[in-house]
Amino acid sequence: MGEEKKLTPRGEDFAAWYNEVVQRAELADYSPVRGSMVIRPWGYGIWENMQRALDSMFKETGHENAYFPLLIPMSFIEREKEHVEGFAPELAIVTQAGGKELEEPFAIRPTSETIIYAMYAKWVQSYRDLPILMNQWANVVRWEMRTRLFLRTAEFLWQEGHTAHATAEEAEEETLLILGIYRRFMDEWIAMPPITGLKTDSEKFAGAVRSYACEALMQDNRALQAGTSHFLGQNFARQFDLKFQSVEGREEYAWNTSWGVSTRLVGGMVMTHGDDAGVVVPPRLAPVQVVVVPILRGDDTQSRVLAKAHEVCARLKELGVRAKVDAREHLSPGNKFYEWERKGVPFRVEIGPKDLEKGQLAIARRVVPEGAKRKEFVAEAEAIASFSARLEDLQSELREAAAARREANTLRGVGSLGELQEALDSGAGFVLTGWSGDPAVEERVKELTRATARVVPGPEFRSETPPQRCVSGDGPSKMEVAWARAY
RNA sequence: CGGGGCGUGGCUCAGUCCGGUAGAGCGCUGCGUUCGGGUCGCAGAGGUCCCCGGUUCGAAUCCGGGCGCCCCGACCA
């Protein structure tokens with residue numbers, strides 16, 4: 001057993017740990033193109049489970065999926081001023097095709113607002129055609145200078161929802177509905193409870209009137225923007241002539257929203273739950289929830305042990321548990337244990353000749369609570385029946401632990417730039433202060449601390465006693481802000 | 001775009017200072033032995049030493065140029 005089999009501990013170098021764990025757990029690997037990555041089956045399986053859950057939440061709230069093309073006329077991107085400025089530095093542009101120079105270059109979509117609202121304009125005439133509630137699952141390309149697996153890559157997978165409404169109120173309501181869905185999804189599926197709220201003007205989406213975001217706190221106490229929901233007002237409708245005739249017969253511009261989450265969530269999951277042994281995948285997202293490892297000896301017990309392993313696996317599947325037998329003969333059981341732990345499978349069942357005799361199974365858990373043992377031996381029938389509860393329990397334990405960690409690392413009532421700096425330097429996560437709303441204060445904080453305004457927290461995340469003064473010491477506080485160093 | 005590091009079997013790297021037959025560990029293949037927390041043994045396969053040029057009898061090593069990747073800071077889901 002060489003040293004290289006061990007991962008760098010989180011406490012030693014969190015970034016190194018993250019890189020190793022993502023690759024060694026076979027979530028993803030680097031592709032030959034700088035800044036882009038291959039999502040491997042284990043990572044993609046987790047993403048598929050995220051997709052399934054989100055997709056049904058979108059459908060339950062009346063959204064439909066569609067697909068818009070990858071290539072967007074350059075002139076479309078250029079139409080909304082702030083939008084172009086926001087995305088210009090990271091655009092990949094196709095200038096040649098079919099062996100010759102194109103008359104008009106195409107942008108590879110960094111996001112699809114422009115093409116989508118141009119199409120909506122064709123489809124909408126009357127208020128009766130509204131609302132349009134569409135989502136697409138797609139890849140997008142943003143040429144980033146510095147990349148990290150899942151967290152920031154040149155190409156990534158996401159969903160982008162785009163809606164059009166007859167009134168501002170309805171669009172705003174949609175924006176918040178989605179924010180709530182994101183929050184619930186992160187809470188209940190990733191067990192990664194974010195704080196939610198409004199982005200400051202300097203942090204909002206290029207082209208939006210208002211942006212809302214979910215911000216999660218990673219184990220290194222840096223914040224991760226995990227999902228955004230934008231109220232676009234009529235900015236795009238005006239540029240793409242997305243008009244409708246109202247009940248009163250007036251011609252009006254539609255009101256739009258857009259919202260998205262990406263494969264970045266996989267990175268968030270890793271940095272929320274992972275430990276020094278590897279990734280920990282919350283049960284609801286785990287492609288394999290229970291791995292069954294037969295203890296194979298090269299003797300006459302072998303075939304009976306293997307048969308039992310398959311039988312147990314089949315019975316777990318009948319109960320709706322995603323189970324898998326690892327019957328590989330060339331690896332010792334210990335090897336398999338380490339491998340599945342690194343990948344974060346929630347539970348392992350071991351079946352050996354002794355268990356066969358005693359009619360029991362060995363159950364090992366990926367996450368061992370304080371004072372508990374990793375392995376226990378349980379009578380077979382009872383063991384099998386116990387898994388749906390075990391999985392649900394683990395799911396909520398992970399959620400609780402993450403919520404407790406977030407709260408423990410959130411500092412409220414900080415009243416001055418000096419205190420803010422001190423808090424962040426000594427490793428605080430979210431630090432909440434008052435703010436006058438002056439962008440110059442954001443600049444100052446950034447220079448001083450490298451932290452940014454992550455979010456103006458929604459009501460449920462605000463401090464009980466609202467801050468009175470701006471953190472700059474200059475004037476009264478108009479709103480509370482959660483600051484953090486961010487990914 | 002600044003700073004740092006690195007390009008040598010699949011992976012991690014030694015060898016480079018001081019030029020002389022290309023190495024180790026892990027992984028891989030075969031056989032045997034093991035198998036309840038990274039078994040052990042034997043035999044094997046596998047290399048344009050990032051690329052181009054130069055110096056030299058001889059270059060992974062020296063010189064010139066180029067390319068690529070990773071990490072840390074300014075911009076970003």
Side-chain angles (χ1 to χ4, degrees), chain A residues 1-6 8 13-16 18-20 23-24 29-36 85-91 110-111 138-160 182 199 202-206 211 213-216 223-230 258-268 277 293-299 301-302 305 327-342 348-358 360-364 374-375 377 446-447 450 452 485-487:
Chain A
M1 126 183 65
E3 278 304 303
E4 67 190 278
K5 288 191 173 180
K6 292 215 179 71
T8 300
D13 184 343
F14 194 78
Y18 177 82
N19 277 327
E20 286 172 29
Q23 289 177 82
R24 300 264 320 273
D29 201 354
Y30 291 100
S31 89
V33 176
R34 193 189 81 83
S36 60
E85 285 172 6
F87 282 106
E90 49 198 44
L91 274 188
T111 178
N139 58 338
V140 286
V141 169
R142 298 181 187 177
W143 217 254
E144 299 286 353
M145 303 200 219
R146 227 184 111 195
T147 60
R148 299 195 65 191
L149 294 171
F150 286 112
L151 302 176
R152 182 172 299 101
T153 47
E155 178 187 358
F156 57 91
L157 303 183
W158 76 345
Q159 59 68 216
E160 47 179 324
Y182 284 162
K199 284 282 176 186
S202 70
E203 296 280 331
K204 74 176 189 203
F205 173 71
S211 291
C214 295
E215 294 278 334
L224 183 75
Q225 180 170 305
T228 47
S229 182
H230 314 288
S258 70
W259 27 276
V261 298
S262 71
T263 38
R264 173 180 257 197
L265 289 174
V266 177
V293 179
I295 308 301
L296 302 174
R297 302 197 179 134
D299 58 18
T301 62
Q302 173 141 342
V305 166
R328 291 175 295 177
E329 286 185 44
H330 62 289
L331 290 179
S332 69
N335 261 305
K336 296 178 187 177
F337 300 168
Y338 281 105
E339 181 177 325
W340 290 109
E341 276 169 21
R342 200 157 52 233
R348 175 178 76 237
V349 165
E350 298 168 21
I351 302 178
K354 289 181 224 160
D355 304 309
L356 232 50
E357 258 172 52
K358 296 182 189 167
Q360 68 181 18
L361 303 179
I363 300 175
R374 180 178 291 283
K375 269 192 222 185
F377 297 87
K446 196 167 178 177
E447 278 168 25
R450 302 199 329 270
T452 48
R485 291 179 183 145
Y487 274 95

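What's counted below: heavy atoms across the whole structure, side chains too, no hydrogens, waters or symmetry copies. Chain A is the first sequence line, chain B the second, and so forth, proteins listed ahead of strands; every chain is numbered from 1.
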Exercise. With no hydrogens and no angle check, is any side-chain donor or acceptor of A:Lys199 less than 3.5 Å from a backbone partner on A:His230?
Worked result: no

For this session: Using the P atom on both, measure B:rA59 against B:rA43 and round to a whole Å.
Result: 34 Å

Exercise. Using centres under 5.5 Å plus planes under 30 degrees as the test, is A:Phe337 stacked with B:rG37?
Worked result: no

Exercise. Whole Å only: how far is the OH atom of A:Tyr338 from the P atom of B:rC26?
Worked result: 17 Å

Problem set entry | Distance test, side-chain N/O of A:Tyr30 to OP1/OP2 of B:rC71, below 4.0 Å | yes

For this session: Quick one: list whatever passes side chain to side chain donor-acceptor pair (under 3.5 Å) with A:Arg348, sequence neighbours left out.
Result: A:Glu341, A:Glu350

Exercise. Closest to the A:Arg297 side chain: B:rG37, B:rU39, B:rG36?
Worked result: B:rG36

Check nucleotides 4-6 of chain B against the protein and report each pair of N or O atoms closer than 3.5 Å, with its distance, or say if there are none.
none

Seminar exercise, completed: Whole-Å distance, A:Leu149 CG to B:rC69 P, equals 14 Å

For this session: Take atom C1' in B:rC75 and the same atom in B:rG64, then report the distance between them in whole Å.
Result: 36 Å

Exercise. Base, sugar-phosphate, or nothing for A:Gly352, non-hydrogen atoms under 4.0 angstrom?
Worked result: base

Exercise. Considering residues at least two apart in sequence or located in another chain, which fulfil the ring pair (Phe, Tyr, Trp, His ring centres under 6.0 Å) criterion with A:Tyr30?
Worked result: none

Exercise. For A:Glu85, what residues pass the salt bridge (Lys or Arg N to Asp or Glu O under 4.0 Å) criterion, not counting sequence neighbours?
Worked result: A:Lys81

Exercise. Contact class for A:Lys336 (heavy atom, under 4.0 Å): base, sugar-phosphate, or nothing?
Worked result: nothing

Exercise. Among all residues two or more places apart in sequence or in another chain, which pass the side-chain contact (heavy atoms from CB on, under 4.5 Å) test with A:Arg148?
Worked result: A:Ala15, A:Tyr18, A:Asn19, A:Leu151, A:Tyr487

Which atoms of nucleotides 74-77 of chain B (N or O only) lie under 3.5 Å from a protein N or O atom, and what are those distances?
from   : atom 1 : to       : atom 2 : distance (Å)
B:rC75 : OP1    : A:Lys446 : NZ     : 3.2
B:rC75 : OP2    : A:Lys446 : NZ     : 3.3
B:rC76 : O2'    : A:Glu144 : OE2    : 3.4
B:rC76 : O2     : A:Arg152 : NE     : 2.1
B:rC76 : O2     : A:Arg152 : NH2    : 2.3
B:rC76 : N3     : A:Arg152 : NH2    : 2.6
B:rA77 : O3'    : A:Gln225 : NE2    : 2.4
B:rA77 : O2'    : A:Gln225 : O      : 3.4
B:rA77 : O2'    : A:Arg264 : NE     : 3.1
B:rA77 : O2'    : A:Arg264 : NH1    : 2.4
B:rA77 : N6     : A:Thr153 : N      : 2.9
B:rA77 : N6     : A:Thr153 : O      : 2.6
B:rA77 : N3     : A:Ser262 : OG     : 3.1

Problem set entry | Under 3.5 Å donor-acceptor pair, A:Asp355 side-chain atoms to B:rG36 base atoms | yes

For this session: Report which part of the nucleic acid A:Arg148 touches: base, sugar-phosphate, or nothing (heavy-atom distance under 4.0 Å, all strands).
Result: nothing

Problem set entry | Non-neighbouring partners of A:Gln159 that pass side-chain contact (heavy atoms from CB on, under 4.5 Å), sequence neighbours left out | A:Phe58, A:Asn135, A:Trp137, A:Tyr182, A:Trp259, A:Val261

Problem set entry | For A:Glu447, all residues meeting salt bridge (Lys or Arg N to Asp or Glu O under 4.0 Å), sequence neighbours excluded | A:Arg444

Problem set entry | salt bridge (Lys or Arg N to Asp or Glu O under 4.0 Å) partners for A:Arg485, two or more places apart | A:Asp425

For this session: Could you work out the separation of B:rU33 and B:rC52 based on their P atoms and round it to a whole Å?
Result: 49 Å

Exercise. Would one find a side-chain N or O of A:Asn335 under 4.0 angstrom from OP1 or OP2 of B:rC35?
Worked result: no

For this session: Rounded to the nearest angstrom, tell me the gap between atom CZ in A:Arg328 and atom P in B:rG38.
Result: 16 Å

Problem set entry | For A:Trp158, the option from A:Asn139, A:Thr111, A:Thr263 that meets side chain to side chain contact (heavy atoms under 4.5 Å, CB included) | A:Thr111

For this session: Tell me what A:Arg342 touches on the nucleic acid: a base, only sugar-phosphate, or nothing, going by heavy atoms under 4.0 Å.
Result: base

Problem set entry | Between B:rG23 and B:rG46 - C1' atom distance, rounded Å | 14 Å

Exercise. Looking across every strand, which nucleic acid part, if any, lies under 4.0 Å from A:Glu339 by heavy atom: base, sugar-phosphate, or nothing?
Worked result: nothing

Exercise. Given A:Glu339 and A:Leu331, is the side chain to side chain contact (heavy atoms under 4.5 Å, CB included) satisfied, shown in steps?
Worked result: CA-CA 10 Å; A:Glu339 181 177 325; A:Leu331 290 179; 4.1 Å; yes

Exercise. Which value, in whole Å, describes the distance between the P atoms of nucleotides B:rU16 and B:rU61?
Worked result: 12 Å

